[in-house]
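Keep in mind that this is a model prediction, so the values were computed, not measured. Numbers here are sequence positions counted from 1.
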Amino acid sequence: MAQVLEFKLPDLGEGLTEAEIVRWLVQVGDVVAVDQPVVEVETAKAMVEVPCPYGGVVTARFGEEGEELPVGAPLLTVAVGAPADGGPSVPDGGTGTSAGPGTGAGTPAPGSGAGKGSAEGSGNVLVGYGTGAPPARRRRVRPTALTSAAPGTPGASANGTAGATGSSNGGSRSAVSRAQGRVAAPAAPVSTAAPAPAAPATAAAPAPATAAPGEGPVPVISPLVRRLARENGLDLRELHGSGPDGLILRADVEYALRAAAGRTQAPQPAAEPAAHPAPQPSAAAARPSSAPTGGIRVPLKGVRGAVADKLSRSRREIPDATCWVDADATELMRARAAMNAAGGPKISLLALLARICTAALARYPELNSFVDTEAREVVQLDHVHLGFAAQTERGLVVPVVRDAHARDAESLTAEFARLTEDARAGRLTPAELTGGTFTLNNYGVFGVDGSTPIVNHPEAAMLGVGRIVPKPWVHEGELAVRQVVQLSLTFDHRVCDGGTAGGFLRYVADCVEQPAVLLRTL
């Protein structure tokens with residue numbers, strides 16, 4: 001018989017813990033090849049197509065479009081290998097758990113080619129999935145009288161054991177879908193009371209007693225689930241997961257938190273009324289009259305959530321300071337016009353500012369660094385990966401130009417254009433959105449003069465550029481109308497003092513006012 005393999009949402013790297021299903025690329029019953037993209041997901045970094053490391057027939061899909069899944073949650077199941085002679089075929093839409101008694105889910109039949117990875121090996125490398133044969137799934141342990149839940153108790157089949165209820169037809173729902181489907185009545189938390197004694201499985205070798213809460217490993221994969229429990233003071237050892245093999249999912253933690261909140265808000269028995277009881281304010285009356293009610297709730301997830309987390313972390317960890325200066329950009333604008341009039345590809349203003357930044361960082365390398373908090377060291381970098389802020393329909397993203405210090409203005413212009421187009425189309429990869437060492441933020445395109453940028457953690461500084469507008473300016477001792485721009489530098493005060501930051505900003509302003517200063521570094 002064919003071996004049914006479960007493909008889980010892989011770790012997409014860069015610390016991502018969840019992804020949202022944007023579009024399914026296959027249907028149940030489709031034949032997929034090794035490394036064929038099967039689903040398009042959106043992470044906090046970008047939209048990516050996820051290839052399946054197995055080849056075979058899709059027997060189930062887990063999760064609907066728009067649903068958010070944690071890393072490690074099942075995506076789909078694939079029937080791999082030809083059925084054995086006379087063996088049962090894989091049922092349509094099944095998960096392979098309806099095999100006969102004693103057959104573990106996903107266990108290949110003897111003599112079948114399902115366990116031979118030479119034909120099903122994946123060429124793509126996903127974190128958690130190698131390039132060799134598909135890993136054999138572990139055989140699930142059948143429950144005993146002491147390890148199974150009592151009949152009739154909520155969550156009796158929440159362990160994902162291979163009982164009769166877990167192997168029925170149509171049992172292809174994912175652990176996440178099951179958890180969401182049981183929000184109204186999910187598995188109750190494990191009671192702290194001692195379990196009732198039960199007869200041993202055999203007289204010669206009695207089954208071990210169920211581990212008490214607080215003992216043994218905690219079945220959690222997602223760091224997001226751990227963080228959610230930790231921030232709310234919830235002990236994960238007291239939960240009974242609804243995922244495969246008792247895996248604790250985000251839905252389990254959220255239900256436990258709602259249950260705890262409900263118990264806290266439950267009405268207490270009324271005390272004996274006093275002779276003249278004083279009127280007690282109700283909860284509605286205690287709420288300030290100006291407190292907002294109703295409104296539209298927008299979830300902080302995806303790009304918006306990632307931006308919120310990073311900005312919050314930057315404010316918590318980085319003691320930043322900001323300095324700024326006005327500069328006469330008239331000569332810089334003339335130099336750019338002369339370059340473009342000479343023929344060849346057009347040079348963007350952002351590319352010239354980036355070239356100025358890399359020259360300034362060569363003179364002040366303290367600002368091209370990061371702080372290693374564990375080692376209590378400032379790490380100065382010998383390369384400049386320049387990030388730049390780009391506004392898209394999905395929110396603010398910061399693509400990174402690799403080795404910007406080794407590029408000329410023409411190369412920088414082409415790379416800025418490519419990354420901006422990919423950012424607006426949602427095609428940027430996580431690698432193109434991470435690893436920056438310094439950020440250039442041109443908020444002048446929004447028609448504003450100045451700002452106090454927030455440092456892009458874990459970088460040490462960000463240069464902000466306002467709009468370039470005609471203003472009265474004293475030029476060569478006379479009042480004239482010049483093209484003036486405000487430059488703002490926000491820096492991590494741990495890596496340098498004001499003298500270094502001021503020297504960097506003054507050098508940038510000098511290059512803006514007299515572009516010929518750059519000739520010293522060419």
Novice: Return the minimal non-hydrogen interatomic distance between Gln486 and Gly450, and the atom names on each side.
Specialist: OE1-CA, 3.0 Å
Novice: Using the rule given for side-chain contact (heavy atoms from CB on, under 4.5 Å), can you reason through Val38 versus Leu75, listing the C-alpha separation, both sets of side-chain angles and the distance that settles it, and then say yes or no?
Specialist: CA-CA 9 Å; Val38 293; Leu75 273 179; 5.5 Å; no
Novice: Mind listing the closest non-hydrogen atom pair of His493 and Ala321 along with its distance?
Specialist: CD2-CB, 3.8 Å
Novice: Could you tell me whether a side-chain N or O of Asp492 sits under 3.5 Å from a main-chain N or O of Arg494, the two making a donor and an acceptor?
Specialist: yes
Novice: Evaluate the criterion side-chain contact (heavy atoms from CB on, under 4.5 Å) for residue pair Leu25 and Arg23; output intermediate values, then yes/no.
Specialist: CA-CA 6 Å; Leu25 305 179; Arg23 181 166 59 98; 3.2 Å; yes
Novice: Nearest heavy-atom pair of Val41 and Ile21: which atoms, and what distance?
Specialist: CG1-CA, 4.4 Å
Novice: For the backbone of Arg482 and the side chain of Thr330, can you confirm whether one donor and one acceptor N or O come within less than 3.5 Å of each other?
Specialist: no
Novice: For the CH2 atom on Trp24, are there more than 12 heavy atoms of other groups (residues, nucleotides or ligands in this structure) within a distance under 6.0 Å?
Specialist: yes
Novice: Heavy-atom distance under 4.5 Å between the side chains of Val398 and Asn456, does that happen here?
Specialist: yes
Novice: Counting C-beta onward and ignoring hydrogens, is there a side-chain heavy-atom pair between Glu331 and Pro515 closer than 4.5 Å?
Specialist: yes
Novice: Taking Ser312 for the side chain and Asp309 for the main chain, is one N or O donor matched with an acceptor at less than 3.5 Å?
Specialist: no
Novice: Answer yes or no: does atom CZ of Arg424 have more than 12 heavy-atom neighbours from other residues, nucleotides or ligands under 6.0 Å?
Specialist: no
Novice: Return the minimal non-hydrogen interatomic distance between Ala256 and Leu239, and the atom names on each side.
Specialist: CB-CD2, 3.6 Å
Novice: Please determine if Glu513 and Arg506 form a salt bridge, counting it only when a charged side-chain N lies under 4.0 Å from a carboxylate O.
Specialist: yes
Novice: Strictly distance-based, threshold 3.5 Å: is any side-chain N or O of Gln483 a donor or acceptor partner for the main-chain N or O of Met333?
Specialist: no
Novice: Mark yes or no for whether Thr413, through its side chain, and Ser348, through its backbone, hold a donor-acceptor pair below 3.5 Å.
Specialist: yes
Novice: Let me check something: any side-chain donor-acceptor pairs from residues 375-386 under 3.5 Å, sequence neighbours excluded? List them with distances.
Specialist:
residue, atom, partner, partner atom, Å
His385, ND1, Asp403, N, 3.0

Novice: Are Phe491 and Tyr364 close enough that their ring centres sit under 6.0 Å apart?
Specialist: no
Novice: Just wondering, more than 12 heavy atoms not from Gln514 lying within 6.0 Å of its CD?
Specialist: no
Novice: Measure up the Phe504 and Phe438 rings against each other and bin them: parallel (under 30°), tilted (30 to 60°), perpendicular (over 60°).
Specialist: tilted
Novice: Begin from the C-alpha positions of Thr490 and Ile454 and carry the test side-chain contact (heavy atoms from CB on, under 4.5 Å) through to its verdict.
Specialist: CA-CA 7 Å; Thr490 297; Ile454 299 178; over 6 Å; no
Novice: Could you tell me whether the side chain of Arg407 and the main chain of Ala351 form a donor-acceptor pair under 3.5 Å?
Specialist: no
Novice: Would you say that His457 contacts Val455 through its side chain, given a criterion of any heavy-atom pair below 4.5 Å between the two side chains?
Specialist: no
Novice: Are Leu76 and Cys52 close enough that some pair of their side-chain heavy atoms sits under 4.5 Å apart?
Specialist: yes
Novice: Are the side chains of Leu419 and Val400 in contact, using a 4.5 Å heavy-atom criterion?
Specialist: no
Novice: Is a side-chain N or O of Thr77 found less than 3.5 angstrom from the main chain of Ala60, in a donor-acceptor match?
Specialist: yes
Novice: Of the non-hydrogen atoms in Ala501 and Cys496, which two are nearest, and what is the gap between them?
Specialist: N-SG, 4.3 Å
Novice: Heavy atoms, side chains only, cut-off 4.5 Å: are Asp320 and Arg315 in contact?
Specialist: yes
Novice: Is a side-chain donor or acceptor of Asn368 paired with a backbone partner of Pro365 at a separation under 3.5 angstrom?
Specialist: no
Novice: Give the minimum heavy-atom separation between Arg61 and Val26, together with the two atoms involved.
Specialist: NH1-O, 2.8 Å
Novice: Within the structure provided, determine whether Val448 and Arg467 are in side-chain contact (heavy-atom separation under 4.5 Å).
Specialist: no
Novice: Does some side-chain heavy atom of Phe62 sit less than 4.5 Å from a side-chain heavy atom of Leu69?
Specialist: no
Novice: Is a side-chain donor or acceptor of Tyr443 paired with a backbone partner of Ser451 at a separation under 3.5 angstrom?
Specialist: yes
Novice: Could you tell me whether the side chain of Ser411 and the main chain of Asp408 form a donor-acceptor pair under 3.5 Å?
Specialist: no
Novice: Yes or no on side-chain contact (heavy atoms from CB on, under 4.5 Å) for Phe388 and Val401, after CA distance, side-chain angles and deciding distance?
Specialist: CA-CA 8 Å; Phe388 66 99; Val401 177; 4.1 Å; yes
Novice: Once you round to the nearest 0.5 Å, how far does OG1 of Thr439 lie from CE of Met462?
Specialist: 4.5 Å
